[in-house]
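The structure appears right after this line, and notes come after that.
Lettering follows sequence order; numbering is per chain, from 1.
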Amino acid sequence: MNLLKRSFYNRPASIVAREILGAHLVRLIDGQCLVGMITEAEAYQGEEDLGCHAHYGKTRRNAVMYGPPGRAYIYFTYGMHWMLNAVTGQDGSPAAVLIRAIQPLEGLDVFEQNRPNLAHTPHWLDGPAKLTQAMLVDRRLNGIDLCDPNSELSITPGEAILEENVTKTARIGLYTVPEPWKSIPWRFVIKMEKGRPRDEIQK
DNA sequence: CGGCCGATTATCT
DNA sequence: GATAATCGGCCGG
């Protein structure tokens, strides 16, 4: 399988968050292949970024972010939700990209079973906790290598998205984070029409 | 559609 | 002991 290489992830998080749009998130489970196109992502870059979990320094939770790029950093929040990130930047420098939304492509029956709410509507898998529920992503996959074709979770190149079809905004949910981190435009979203990307999204 | 609010618990100070 | 990279339900427009 043709996967995004480690060199893809070994760049600043804001670059990876933009470039990962259109890529295909692939989940292998019970002999099935679940696929979704990444349509929204956010960058979290370094201990100086007060919106990033690494701003406390290294802890047990965020340790994976301090490791090599191309691994999954998965954490639990709000007492009930799992969030999926791809670790970015060089080994030792903590940074990651939060995968916030996917467009379902393969395994729709499984997605529907795991995530019946809003199934087959434009808002089906457009949230970071929605997609982890649909793809059965939780703590067990924390630290998994996204660049290994044998992994239960990986990412393929998918489609390249034109700049004119990308919206940039401040990151979501950083209520108590001070400026400038609260407003820095490190959220990247594919422009959607009626719940689908525009027809001409490829470069 | 947009805003407010409660749920629920691992993780951190 | 407080907080949280969210979600869904309920309300008003």
Between the side chains of A/Asp145 and A/Arg6, is the shortest nitrogen-to-carboxylate-oxygen separation below 4.0 Å, so that they form an ion pair? yes
Tell me whether A/Asp30 at atom CG has more than 12 heavy atoms from other residues, nucleotides or ligands lying less than 6.0 Å away. no
Starting at CZ of A/Arg139 and ending at C1' of B/dT9, how long is that distance when rounded to a whole Å? 12 Å
When you measure from the centre of the six-membered ring of A/Phe8, is the NZ or CZ of A/Arg11 under 6.0 Å away and within 45° of the axis? yes
At under 4.0 Å between heavy atoms, which parts of nucleotides 4-12 of chain C does protein reach? Answer with one letter per nucleotide, 5' to 3': B base, S sugar-phosphate only, - none. BBBSS----
Watson-Crick or G-U pairs under 3.5 Å in DNA chain C, rendered as dot-bracket with [ ] for crossing pairs and | for another strand: ||||.|||||||.
Which label fits A/Trp124 and A/Phe111: parallel for a plane angle under 30°, tilted from 30 to 60°, or perpendicular past 60°? perpendicular
Do A/Pro185 and A/Thr169 make a side-chain contact, defined as non-hydrogen atoms from C-beta onward lying under 4.5 Å apart? no
Do A/Arg139 and A/Phe76 meet the cation-pi criteria used here (NZ or CZ under 6.0 Å from the six-membered ring centre, within 45° of the axis)? no
Pair A/Lys168 + A/Glu163: basic N to acidic O under 4.0 Å: yes
Is the distance between the ring centroids of A/Tyr75 and A/His53 under 6.0 Å? yes
